[in-house]
*Asks:* 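Structure below; questions to follow.
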Amino acid sequence: MSVRELVVLGTASQVPTRHRNHNGYLLRWDGEGILFDPGEGTQRQMLRAGVAAHDLNRICVTHFHGDHSLGLAGVIQRVNLDRVPHEITAHYPRSGQRFYDRLRHATAYRETVALTEAPVDADGPLAVTPSYTLEARRLSHPVESYGYRLTEPDGRRMLPERLAAHGIQGPDVGRIQRDGALDGVPLEAVSEVRRGQRFAFVMDTRLCPGVHALAEGCDLLVIESTFLDEDEALAEEHGHLTAGQAARVAREAGVRHLVLTHFSQRYSDPEEFERQARAAGFEGELTVAHDLQRVPVPKRR
């Protein structure tokens with residue numbers, strides 16, 4: 001059975017707290033695992049969440065601030081220690097190549113894993129697989145930063161009443177799906193488009209076109225809300241979003257499930273993020289993330 005869920009490893013922003021680790025998020029997508037922004041302590045959080053090094057297929061770093069990347073060294077060494085048998089691909093801003101190199105070779109270890117470097121330097125697709133297309137969009141932060149979006153290809157949903165009307169049943173259902181037509185009946189006559197699922201990961205950024213492009217039509221949007229709305233000027237100065245801004249983006253984009261995360265240590269009441277997101281008009285499913293939480297990707301419509 002395929003699993004599509006977000007495993008939250010850490011939710012703090014610049015400074016971890018007693019209850020929040022630095023960033024870290026694993027997206028399970030069928031048989032693959034994509035690790036986003038492994039901050040300091042990610043390797044231990046993976047252990048606590050039941051995530052193994054063998055679960056990783058891709059690592060996506062939005063930018064090279066420490067709370068989003070200092071865990072990269074430990075994660076890379078762990079996949080080598082565990083001799084992960086498959087290739088792992090790392091995506092990160094090309095402008096941060098020197099930081100990536102330092103983290104990858106921070107200490108001595110034995111390299112046993114095929115780790116492919118695929119740096120990002122422009123908007124557009126990064127990888128196309130049968131299950132998804134992964135793309136990047138430039139964000140607005142003091143250092144170069146990219147958000148990531150995963151889109152499942154559209155499929156088709158068979159309609160039993162139309163199949164019956166055309167007398168198509170049993171093995172013939174598979175034949176028309178495979179061949180696109182059967183005895184003059186086109187596939188479109190007995191099916192409808194099944195929209196592929198969409199996921200986006202948006203970290204440190206001000207409001208910008210990339211934020212809206214990544215969020216558009218998402219089933220699950222993970223987005224930073226470092227500040228509350230009363231500190232909007234501070235958010236703008238440091239290149240971040242508020243809870244209300246993130247929620248308005250989600251509302252305008254038609255997001256089904258919004259996950260707020262990356263919280264400043266200055267705030268002690270997580271419920272205030274939810275209150276401000278609702279006040280901004282977002283009516284979909286809403287999660288104010290906490291460490292070691294699992295968030296399922298919504299079922300297809």
*Asks:* Please work out which of the three classes, parallel, tilted or perpendicular, describes the rings of Tyr148 and His91, given edges at 30° and 60°.
*Replies:* tilted
*Asks:* Under a 4.5 Å cut-off applied to non-hydrogen side-chain atoms, are Leu35 and Cys60 in contact?
*Replies:* no
*Asks:* Which label fits Tyr100 and Tyr92: parallel for a plane angle under 30°, tilted from 30 to 60°, or perpendicular past 60°?
*Replies:* parallel
*Asks:* Could you check whether the rings of His105 and Tyr109 sit parallel, tilted or perpendicular, using 30° and 60° as the cut-offs?
*Replies:* parallel
*Asks:* Rounded to the nearest 0.5 Å, what's the gap from CG on Asp123 to CZ on Arg149? Could you check?
*Replies:* 12.5 Å
*Asks:* If I compare all heavy atoms of Met203 with all of Val222, which pair ends up nearest, and what's the gap?
*Replies:* CE-CG1, 4.2 Å
*Asks:* Quiz question: by atom type and distance under 3.5 Å, do the side chains of His19 and Asp291 form a donor-acceptor pair?
*Replies:* no
*Asks:* Report, as yes or no, whether the 6.0 Å neighbourhood of atom CZ on Arg178 holds more than 12 heavy atoms from other residues, nucleotides or ligands.
*Replies:* yes
*Asks:* Using a 3.5 Å distance criterion without hydrogens, assess whether the side chain of Arg278 forms a donor-acceptor pair with backbone atoms of Phe282.
*Replies:* yes
*Asks:* Write down the atom of Ala247, the atom of Leu258, and the distance for their closest heavy-atom approach.
*Replies:* CA-CD2, 4.0 Å
*Asks:* Taking Val84 as the fixed residue, which of Leu56, Asn57, Val113, Asp55 is the one that meets the side chain to side chain contact (heavy atoms under 4.5 Å, CB included) rule?
*Replies:* Val113
*Asks:* Check Thr261, Leu27, Leu214, Asp37 against Phe201 for a side chain to side chain contact (heavy atoms under 4.5 Å, CB included) and give me the one that passes.
*Replies:* Asp37
*Asks:* Would you check if there is a donor-acceptor pair between the side chains of Glu224 and His240 at a distance under 3.5 Å?
*Replies:* yes
*Asks:* Looking only at heavy atoms, which two atoms of Ser13 and Gln265 are closest? And how far apart?
*Replies:* OG-OE1, 4.1 Å
*Asks:* If the test is ring-ring contact (aromatic ring centres under 6.0 Å, His included), which one of Phe36, Tyr25, Tyr132 qualifies with Phe199?
*Replies:* Phe36
*Asks:* How about Gln14: does its CD atom have over 12 heavy atoms from other parts shown lying under 6.0 Å from it?
*Replies:* no
*Asks:* Please check if the number of heavy atoms outside Arg104 that lie under 6.0 Å from its CZ is greater than 12.
*Replies:* yes
*Asks:* May I ask you to test the Thr205-Val202 pair for a side-chain heavy-atom distance under 4.5 Å?
*Replies:* yes
*Asks:* More than 12 non-hydrogen atoms from neighbouring residues, nucleotides or ligands closer than 6.0 Å to CD on Gln169, yes or no?
*Replies:* no
*Asks:* Check whether any side-chain heavy atom of Leu220 sits under 4.5 Å from a side-chain heavy atom of Val295, and report yes or no.
*Replies:* yes
*Asks:* Can you confirm whether the side chains of Gln293 and Thr287 place a donor and an acceptor under 3.5 Å from each other?
*Replies:* no
*Asks:* Donor-acceptor pair, Asp219 side chain versus Pro298 backbone, under 3.5 Å?
*Replies:* no
*Asks:* If you round to the nearest 0.5 Å, how far is CG of Asn21 from CG of Leu292?
*Replies:* 8.5 Å
*Asks:* Are any of the side-chain nitrogens in Glu117 or Arg94 under 4.0 Å away from the carboxylate oxygens of its partner?
*Replies:* no
*Asks:* Side chains of Gln276 and Glu230: is there a donor and an acceptor less than 3.5 Å apart?
*Replies:* yes
*Asks:* For side chain to side chain contact (heavy atoms under 4.5 Å, CB included), just list the numbers for Val75 and Met46, CA-CA rounded to whole Å, side-chain angles, deciding distance to a tenth of an Å, and then say yes or no.
*Replies:* CA-CA 9 Å; Val75 169; Met46 288 169 59; 4.2 Å; yes
*Asks:* May I ask you to check whether His141 and His65 place their ring centres under 6.0 Å from each other?
*Replies:* yes
